[in-house]
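What follows is one structure encoded as structure tokens, with my remarks underneath.
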Amino acid sequence: MERENVEKYLKENLKCVSVKPRKIIMGGWTVLEPVIFLEFKDGSKMRFFGPDLNLEKWEDK
């Protein structure tokens, strides 16, 4: 899907975005990893575990 089409679809259909932490315990360390939730107007939901948060990757070149 082209970026313009994705942006248009999200603008028309996205109801809300939320981020919640997921707790991971490794070797005595507690790590909080973000989980991104997308909720759409039709009631459907998507979630993304372990997203790549390197924002430079997503910037327009």
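FYI, the numbering just counts along the sequence from 1. Note that the structure is a prediction, hence the values are computed from the model and not measured.
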Nearest 0.5 angstrom please: [X] [atom1] to [Y] [atom2], how far?
{"X": "Cys16", "Y": "Lys45", "atom1": "SG", "atom2": "NZ", "result": "8.0 Å"}
{"X": "Leu10", "Y": "Phe40", "atom1": "CG", "atom2": "CZ", "result": "6.0 Å"}
{"X": "Leu38", "Y": "Leu14", "atom1": "CG", "atom2": "CG", "result": "6.0 Å"}
{"X": "Glu39", "Y": "Lys15", "atom1": "CD", "atom2": "NZ", "result": "4.5 Å"}

Checklist entry - salt bridge (charged side-chain N to carboxylate O under 4.0 Å, His left out): which pairs involve residues 16-32, sequence neighbours left out? => result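 Residue pairs with at least one partner in residues 16-32: Arg22-Glu33.
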Checklist entry - Can Phe48 be reached from Tyr9 by stepping across I, L, V, M, F, W or Y side chains whose heavy atoms are under 4.5 Å apart? => result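 In one cluster: yes.
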Next on the checklist: Count I, L, V, M, F, W, Y as connected when their side-chain heavy atoms are under 4.5 Å apart, and connections chain through other members. Are Ile25 and Leu32 then in the same cluster?
Outcome noted: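 No, separate clusters.
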Checklist entry - Are the side chains of Phe37 and Val17 in touch, meaning some heavy atoms are under 4.5 Å apart? => result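 No; the side chains remain at least 4.5 Å from each other.
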Checklist entry - Going by heavy atoms in the side chains, are Ile36 and Phe49 under 4.5 Å from each other? => result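 A side-chain contact is absent here, since even the closest heavy-atom pair is not under 4.5 Å.
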Checklist entry - Stepwise, does the salt bridge (charged side-chain N to carboxylate O under 4.0 Å, His left out) test hold for Glu7 with Arg3? => result CA-CA 6 Å; Glu7 289 175 356; Arg3 181 182 178 132; 3.0 Å; yes
